[in-house]
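Below you'll find the structure, written out as structure tokens, and then a few comments.
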Amino acid sequence: MLRCRPPVLGLGAVGLCFPTKRCLIKSSKIPNSPLKPLSSRISFTRDLPGRARSQLNTRSLLSGANPSSTATSAPAQQGEEVEILPATNDNHGGVIVEMKDPMDSRTFAFSLRASLEIWRQQGKKGVWVKLPIELSNLVQPTVEEGFRYHHAEPSYVMLVYWIPDTENTLPVNATHRVGVGAFVMNDKREVLAVQEKSGKFRGSGVWKFPTGVVEPGEDISAGAVREVKEETGINTEFIEVLAFRQSHKSFFNKSDLFFICMLRPLSFDIRKQDSEIEAAEWIPIQQFAAQPFAQKHELLKYIINLGLAKAEKGYAGFSPICIKSAFTSRRSCLYLNTRDLNQPS
């Protein structure tokens, strides 16, 4: 039987066959068929537990193969079909496979193997396979084909594979975590300070500035305002980024960017966060700076000095401005010294 459908791979008696037209081969014996399924074939050795070895038997594979078919067929016996995995081209000569439909691991492994051969012949470079948590059964066969983990999120894992025998130029996973610390001082020269219930400061009696981690998709300015509100109940207005610190080998060996932010209080009645904060108070800046820990910890000393320099000496930090891009409709924030930028020459 011969019927047209998206590009597939036929498994015949002599190996894996790539039809020259987009038709499904249901049997390796098709009398008077206009197709020449054996004109370009790949045979796979299956004696290795990991990634299968493959050999190209003749000329290049489908010159017009479209790597966006749906993989649904289980390869097993002569005459069964194998469909290449659904994929889209990325902007750097690679392909992205985003699996959504359930599939048994054996079918997936054979389709992935066949797809890699097609992409290799098409000159593709990087292959990205995104597996949702519901398809975790496909992780092992993907790894066994030579893929490595790239990153994971709560709902999926991303695996990658570099096809050519050249230097791997795939970008690494996100390298930094972004944190914020808030310097908030009222007209009485009192700073907003907290004592934490958990972490390295638990039970130490040390007063510190409100801090936290910026959430995905959140601007630094918004993250600082949110953290102050969550920990102390104080409403604030973002003024500037006073400075930032970069450190390495931090949370899960990631690097860390910590932005020191100046905020103006818009309310003054404290309502602390019971789950994380032991105490929250307005403390005179000199009393805060006199803490033994503040005397020893250089970062805390700099935060105090930067905040006072901004309040008393006109220190210029970095304010956010919204900018447009030529590549996307999304806007982003550029943090810069607007005072000096706008000064006349």
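The analysis underlying the following values was restricted to heavy atoms, covering all of them including side chains, and did not include hydrogens, waters or symmetry mates. Positions are given from 1 along the sequence.
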Looking at every non-hydrogen atom in both residues, tell me the closest pair between F209 and A182 and how far apart they are. CB-O, 3.4 Å
With a 4.5 Å limit on heavy-atom distance, are the side chains of V191 and F183 in contact? yes
Nearest heavy-atom neighbours spanning Y161 and G146: CD1-O, 3.5 Å
Yes or no on salt bridge (charged side-chain N to carboxylate O under 4.0 Å, His left out) for E276 and K197, after CA distance, side-chain angles and deciding distance? CA-CA 5 Å; E276 297 183 11; K197 281 187 175 181; over 6 Å; no
Between I220 and F244, is there a side-chain heavy-atom distance shorter than 4.5 Å? no
Evaluate the side-chain proximity of D187 to F268: yes if any heavy-atom separation is below 4.5 Å, no if none is. no
Nearest heavy-atom neighbours spanning A280 and K272: CB-CB, 4.1 Å
Is there a side-chain contact between Y149 and T142, using heavy atoms and a 4.5 Å cut-off? no
Do we see a donor-acceptor contact under 3.5 Å between the side chains of N89 and K124? yes
Please determine whether residues I285 and I239 belong to a single hydrophobic cluster, defined as Ile, Leu, Val, Met, Phe, Trp and Tyr linked transitively by side-chain heavy-atom distances below 4.5 Å. yes
Spatial distance of atom OG (S319) from atom CG (L341) [nearest 0.5 Å]: 10.5 Å
Does F201, at its CZ atom, have more than 12 non-hydrogen atoms belonging to other residues, nucleotides or ligands within less than 6.0 Å? yes
Please report the C-alpha distance between D269 and R271 in whole Å, then the side-chain angles of each, then the deciding distance to 0.1 Å, and finally whether the salt bridge (charged side-chain N to carboxylate O under 4.0 Å, His left out) criterion is met. CA-CA 7 Å; D269 294 332; R271 296 186 302 276; over 6 Å; no
Does E98 reach the main-chain N or O of A87 with its side chain, forming a donor-acceptor pair under 3.5 Å? no
Quick one: do R202 and E196 satisfy salt bridge (charged side-chain N to carboxylate O under 4.0 Å, His left out)? Show the steps, please. CA-CA 6 Å; R202 177 183 178 182; E196 295 180 338; over 6 Å; no
Quick check on N342: does its CG atom have over 12 non-hydrogen neighbours (other residues, nucleotides or ligands) under 6.0 Å away? yes
P102 to L135 - nearest heavy-atom pair and separation: CA-CD2, 3.6 Å
For the residue pair V228 and F238, establish whether any side-chain heavy-atom pair is separated by less than 4.5 Å. no
Flag the pair E230 and R226 as a salt bridge only when some basic side-chain nitrogen lies within less than 4.0 angstrom of an acidic carboxylate oxygen. yes
Please go through Y156's hydrophobic cluster and name the other residues, only I, L, V, M, F, W, Y counting, with side-chain heavy atoms under 4.5 Å joining them. I96, W128, M158, V160, W162, L170
Using a 6.0 Å cut-off, check whether atom CG of L299 has over 12 heavy atoms from anything other than its own residue. yes
Please determine whether a side-chain nitrogen of the Lys or Arg among K301 and E298 lies less than 4.0 Å from a carboxylate oxygen of the Asp or Glu. no
Donor-acceptor contacts under 3.5 Å from residues 306-317 side chains, at least two apart:
| from | atom 1 | to | atom 2 | distance (Å) |
| --- | --- | --- | --- | --- |
| K310 | NZ | E240 | OE1 | 3.0 |
| K310 | NZ | E240 | OE2 | 3.1 |
| K310 | NZ | Y315 | O | 3.3 |
| E312 | OE2 | R189 | NH1 | 2.4 |
| E312 | OE2 | R189 | NH2 | 3.1 |
| Y315 | OH | L242 | O | 2.7 |

Nearest heavy-atom approach of N168 to R148 is ND2-NH2, 3.7 Å
Take a 6.0 Å sphere around CG of D340 and say whether it holds more than 12 heavy atoms from other residues, nucleotides or ligands. yes
Residue pair F293 / K208, side-chain heavy-atom distance below 4.5 Å: no
Roughly how far, to the nearest 0.5 Å, is the CD atom of E231 from the OG atom of S275? 9.5 Å
Under a 4.5 Å side-chain heavy-atom rule over Ile, Leu, Val, Met, Phe, Trp and Tyr, are F108 and V95 clustered together? yes
Is there a donor-acceptor contact under 3.5 Å from the side chain of D90 to the main chain of G93? yes
Atom CG of D219 and atom SG of C333: how far apart are they, to the nearest 0.5 Å? 4.0 Å
Just by distance, no angles: are the side chains of Q140 and E144 close enough, under 3.5 Å, to form a donor-acceptor pair? yes
Examine the side chains of T232 and K229 and answer whether a donor and an acceptor come within less than 3.5 Å of each other. no
Does L192 belong to the same Ile/Leu/Val/Met/Phe/Trp/Tyr cluster as F288, with side-chain heavy atoms less than 4.5 Å apart forming each link? no
Rounded to the nearest 0.5 Å, the CG atom of L138 sits from the CG atom of L131 at a distance of 5.5 Å
Criterion side-chain contact (heavy atoms from CB on, under 4.5 Å) on F147 and V127, from CA distance to verdict: CA-CA 9 Å; F147 282 73; V127 180; 3.8 Å; yes
Interatomic distance, L266 atom CG to T236 atom OG1 [nearest 0.5 angstrom]: 6.5 Å
Honestly curious: do W207 and V180 fall in one hydrophobic cluster under the side-chain, below-4.5 Å linking rule? no
Just how far is it from atom CD1 of I283 to atom CE of M185, taken to the nearest 0.5 Å? 14.0 Å
Is there side-chain contact between E227 and P210, with at least one heavy-atom pair below 4.5 Å? no
Side chains of V213 and E215: does their closest heavy-atom pair fall under 4.5 Å? no
Report all side-chain donor-acceptor pairs from residues 254-265 shorter than 3.5 Å, counting only partners two or more places apart or in another chain.
| from | atom 1 | to | atom 2 | distance (Å) |
| --- | --- | --- | --- | --- |
| K254 | NZ | A174 | O | 2.8 |
| S255 | OG | H248 | ND1 | 2.7 |
| D256 | OD1 | R245 | NH2 | 3.3 |
| R264 | NH1 | E237 | OE1 | 2.7 |

Closest heavy-atom pair and its distance - G233, S267: O-OG, 4.1 Å
Is a side-chain N or O of E281 found less than 3.5 angstrom from the main chain of A193, in a donor-acceptor match? no
Are V139 and M99 linked, directly or through intermediate hydrophobic residues, by side-chain heavy-atom contacts shorter than 4.5 Å (ILVMFWY only)? yes
